[in-house]
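Written out below as structure tokens is the structure these notes cover.
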Amino acid sequence: MQSYETILVPIDVYSDYELVVEKALAIASGSQQLHLLYVAYPQTNVEPYGFFLEKDFSQEVREHALSVLKDVADKYGIPQTNINVEIGSPSDEIHHLAEKISADLIVVGTHGQSGLKLLLGSTANAVLHGVKTDVLAVKV
């Protein structure tokens, strides 16, 4: 079996993520190989005269996610330097960070019931398209 050196673990800090992190740790030869990522959609506000991004709320979401990721990193021995919080499209940000850190595996949680998109979930399905690395989908 191939040995993975750099593993990207995108998680949703607002849902069950422990199993995803634990599966990634089981594959890794050490917790220092894991990179945690949370991606939030930018918060928007549509007014009759324009479309606005609400930066204050996005910053609040970023700070909360960063706090949760720090706790996860401490619990599993993942270096604090391997924590990432981004605002944008989850699949785009996952692809971007995977390339940036030269990840050779992405471990992502899934939650759907049937059909490829439902089975994997929309984010996991989008991650599979255009990714240049192996992807492990963990049913949560």
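Positions are given from 1, in the same order as the sequence printed here. Note that the structure is predicted; figures quoted are calculated from it, not measured.
- Every pair tested for salt bridge (Lys or Arg N to Asp or Glu O under 4.0 Å) that includes a residue from residues 63-92 fails, sequence neighbours excluded, so the list is empty.
- Within the 4.5 Å cutoff, side-chain heavy atoms of P10 are placed close to those of I106.
- Nearest heavy-atom pair across A73 and L36 is N-CD1, 4.1 Å.
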Next item on the list: Carefully, step by step, assess I83 and I78 under the rule side-chain contact (heavy atoms from CB on, under 4.5 Å).
Entry: CA-CA 8 Å; I83 294 173; I78 299 167; 5.6 Å; no

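- In this structure, the side chain of D134 does not engage the main chain of L105 through any donor-acceptor pair within 3.5 Å.
- Of the possible donor and acceptor atoms, none in the side chain of T6 sits under 3.5 Å from a partner among the backbone N and O of Q33.
- Put simply, CD on E18 and CG on L25 are 12.0 Å apart, with the number rounded to the nearest 0.5 Å.
- Here the NE2 atom belonging to H96 is positioned 9.5 Å from the CG atom belonging to N84, to the nearest 0.5 angstrom.
- E5 and D104 make their closest contact through N-OD2, 3.0 Å (heavy atoms, listed as atom of the first residue, atom of the second, distance).
- Considering every non-hydrogen atom in both A24 and V107, the closest pair reads CB-CG2, 4.0 Å.
- Under the side chain to side chain contact (heavy atoms under 4.5 Å, CB included) rule, L37 has a single partner from N82, I94, V108, L69, which is I94.
- Residues L34 and A28 approach most closely at CD1-CB, 3.5 Å, considering heavy atoms.
- Counting all heavy atoms, side chain and backbone alike, D12 lies closest to Y38 at OD1-CE1, 3.7 Å.
- Here CD1 of I101 is found 5.0 Å from CG of L8. Values are rounded to the nearest 0.5 Å.
- Pairs passing the ring-ring contact (aromatic ring centres under 6.0 Å, His included) check and including a residue from residues 59-84, sequence neighbours excluded, read Y14-H64.
- Considering only heavy atoms from C-beta on, Y17 stays 4.5 Å or farther from V9 through its side chain.
- Across all non-hydrogen atoms, the minimal contact from V39 to P90 is CG1-CA, 3.6 Å.
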